[in-house]
Amino acid sequence: MQIGDLPLPHNRAAPAQIARGQQLLAQYQCGSCHVVPGAAIARGRVGPPLDGFGRRSYIAGHVPNGPEALARWIEAPAALVPDTTMPSMGVSPADARDLAAYLLALK
């Protein structure tokens with residue numbers, strides 16, 4: 001069995017929430033720094049590509065991956081990893097949860 005066949009460990013969000021998270025990528029300009037699958041405008045090369053994010057064990061190599069931690073990371077990255085280069089983009093808590101749902105659904 002290939003890893004792509006296994007269920008994603010944190011993909012528990014409703015399809016509507018995942019779709020909203022994908023739409024928010026443009027609003028918060030995530031693609032300025034990251035390549036994001038399913039987002040044609042997301043071709044940045046400053047940050048790491050976000051493909052397969054739903055299978056990653058850690059966020060930024062330091063924070064255990066999961067819905068709550070990822071939403072907190074999206075809201076205030078420096079609060080979790082003080083020396084991160086990821087900027088705070090002014091993402092609301094609700095939008096951060098939707099963005100996290102989308103990223104955690106990426107195989």
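Sequential numbering from 1 along the given sequence is applied to the chain's residues.
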Which atom pairs, one a donor and one an acceptor, fall under 3.5 Å between side chains of residues 61-85 and the rest of the protein, sequence neighbours left out?
from: Asn65; atom 1: ND2; to: Phe53; atom 2: O; distance (Å): 3.2
from: Asn65; atom 1: ND2; to: Arg56; atom 2: O; distance (Å): 3.0
from: Thr84; atom 1: OG1; to: Met86; atom 2: N; distance (Å): 3.1

Tell me which donor-acceptor pairs under 3.5 Å the side chains of residues 45-52 have, and how far apart each pair is, sequence neighbours excluded?
none

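Nearest heavy-atom pair across Ile18 and Ala105 is CD1-CB, 3.8 Å. Considering every non-hydrogen atom in both Gln17 and Arg97, the closest pair reads NE2-O, 3.5 Å.
Not a single side-chain contact (heavy atoms from CB on, under 4.5 Å) links Ala19 to another residue, sequence neighbours left out.
Pairs passing the salt bridge (charged side-chain N to carboxylate O under 4.0 Å, His left out) check and including a residue from residues 22-36, sequence neighbours excluded, do not occur. Listed by first and then second residue, the salt bridge (charged side-chain N to carboxylate O under 4.0 Å, His left out) pairs involving residues 28-41 amount to none (not counting sequence neighbours). Note on residues 22-32: no pairs pass salt bridge (charged side-chain N to carboxylate O under 4.0 Å, His left out), not counting sequence neighbours. Under the side-chain hydrogen bond (donor to acceptor under 3.5 Å, both in side chains) criterion, the residue pairs touching residues 20-34 are Arg20-Asp95, Arg20-Asp98, Tyr28-Asp95, with sequence neighbours excluded.
Side-chain heavy atoms closer than 4.5 Å link hydrophobic residues (I, L, V, M, F, W, Y) into clusters, and following such links, even through other members, never connects Val35 to Leu106.
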